Amino acid sequence: MPELPEVETVRRGLQQSVVGRKVLKVEVGRERTVRRTSREALIDGLTGVKIISATRRGKYLLCDLDSGQKLMMHLRMSGRLIIADPGAARPPHTHVVMHLANAETIESELWFVDPRTFGEVVVFDPDKLKTQMPDLAKLGVDPLTDEFTPEILRELFKKRRGNLKALLLNQHFVAGIGNIYADEILHLAKLRPDRLPDRLNNATLTRLHSAIVEVLNNAVAAGGSTLKDTQYVDLEGQTGSFQDEHRVYGRGGLPCLSCGKGRILMTIVAGRTTCYCSACQH
DNA sequence: AACTGTCCCTGCAAGC
DNA sequence: TGCTTGCAGGGACAGT
């Protein structure tokens, strides 16, 4: 399921294959995907418009349009963006299709495919960010920007009461971490997911900060994680390889790859399946 | 204000 | 084999 590294991989694909292209035509299949506005609003907002950038905030993909509006795409649980040849056979659950052109002839199609339909696509007015996109406006710091420092992390911890796993999953706190990377980060930082943040000393806080940056950067470098039960692929249909580097996620009951002493426990923390080492995480 | 639990939806796997 | 059940999970929302 797409978290920051997968979304960043998709963003890089958009940069390559979509930025600079003009949208000549838009098809919206299932209306649920455009539920924030409407089928008409998406078609009106994109038709004849050029895509001039591809950026990311947490798990949100954002494109500047030459109309002055912005395109937001969120993959949520099962969304995929695929670049395809015009007229190519579409997979089931292809809910939005944008026909893209370099000049005046259509040269590719961008498909938004999403079996579980949690994902969404919307064109919005950046001046109305707070009212139209309150979730986006409230996002916390993106951990792959210079803004994200151990000091910021310390400040954020001051006003929080939940456990470390809940905090990492909270998008208002740090944006982009989901269940897989929360577990991997806490394991690398040697911290128990149910531990409370109030008594972390500076060294521990720095360790957690480094683990967040390291795990996410390594996962981006590997093109994200493709799991057995998900169909995450990048824009070109390629799988990621970070799943081969997972040390705790999906390894419940197996020995710890890091300390060799503990076994990986699988429990529920913050309402989510959580894997951590019984020996090396404190 | 900040936290917890429930819901949305589909595909897949396990169990009968 | 073929059904049912449970699980996966990001974020909105309601309730505390």
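Being a predicted model, the structure only gives us computed values, none of them experimental. Convention: sequence-line order gives letters A, B, ...; per-chain numbering from 1. Hydrogens, waters and symmetry mates play no part in the numbers below; they use all other heavy atoms, side chains included.
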Name the closest nucleotide to the [X] side chain, picking from [options].
X	options	result
A:Asn179	C:dA12, B:dC9, C:dG9	C:dG9
A:Thr273	C:dA8, B:dT10, C:dG11	C:dA8
A:Glu3	C:dG10, B:dT10, C:dG11	C:dG10
A:Phe118	B:dT10, C:dA12, B:dC9	B:dC9

(request) Indicate yes or no: does A:Arg76 engage A:Glu120 in a salt bridge with an N to O separation below 4.0 Å. (result)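 Between A:Glu120 and A:Arg76 there is a salt bridge, with a charged N closer than 4.0 Å to a carboxylate O.
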(request) Using a strict 4.0 Å threshold on nitrogen-to-oxygen distance, state whether A:Arg56 and A:Asp142 make a salt bridge. (result)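 Salt bridge flag = yes for A:Asp142 with A:Arg56.
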Answer yes or no: does a side-chain N or O of [X] lie under 4.0 Å from OP1 or OP2 of [N]?
X	N	answer
A:His74	C:dG11	yes
A:His172	C:dG11	no
A:Arg272	C:dG11	no
A:Tyr249	C:dG9	yes

(request) Using side chain to side chain contact (heavy atoms under 4.5 Å, CB included) as the criterion, point out the one residue from A:Leu254, A:Thr273, A:Val248 that pairs with A:Met266. (result)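 For A:Met266, the side chain to side chain contact (heavy atoms under 4.5 Å, CB included) test succeeds with only one of A:Leu254, A:Thr273, A:Val248, which is A:Thr273.
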(message) I'd like to know whether the aromatic ring centres of A:His74 and A:Phe118 sit less than 6.0 Å apart in this structure.
(response)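 No.
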(message) What I want to check is whether an N or O donor and acceptor connect the side chain of A:Arg116 with the base of C:dG10 at under 3.5 Å.
(response)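 It does not, because no donor-acceptor pair links the side chain of A:Arg116 to the base of C:dG10 below 3.5 Å.
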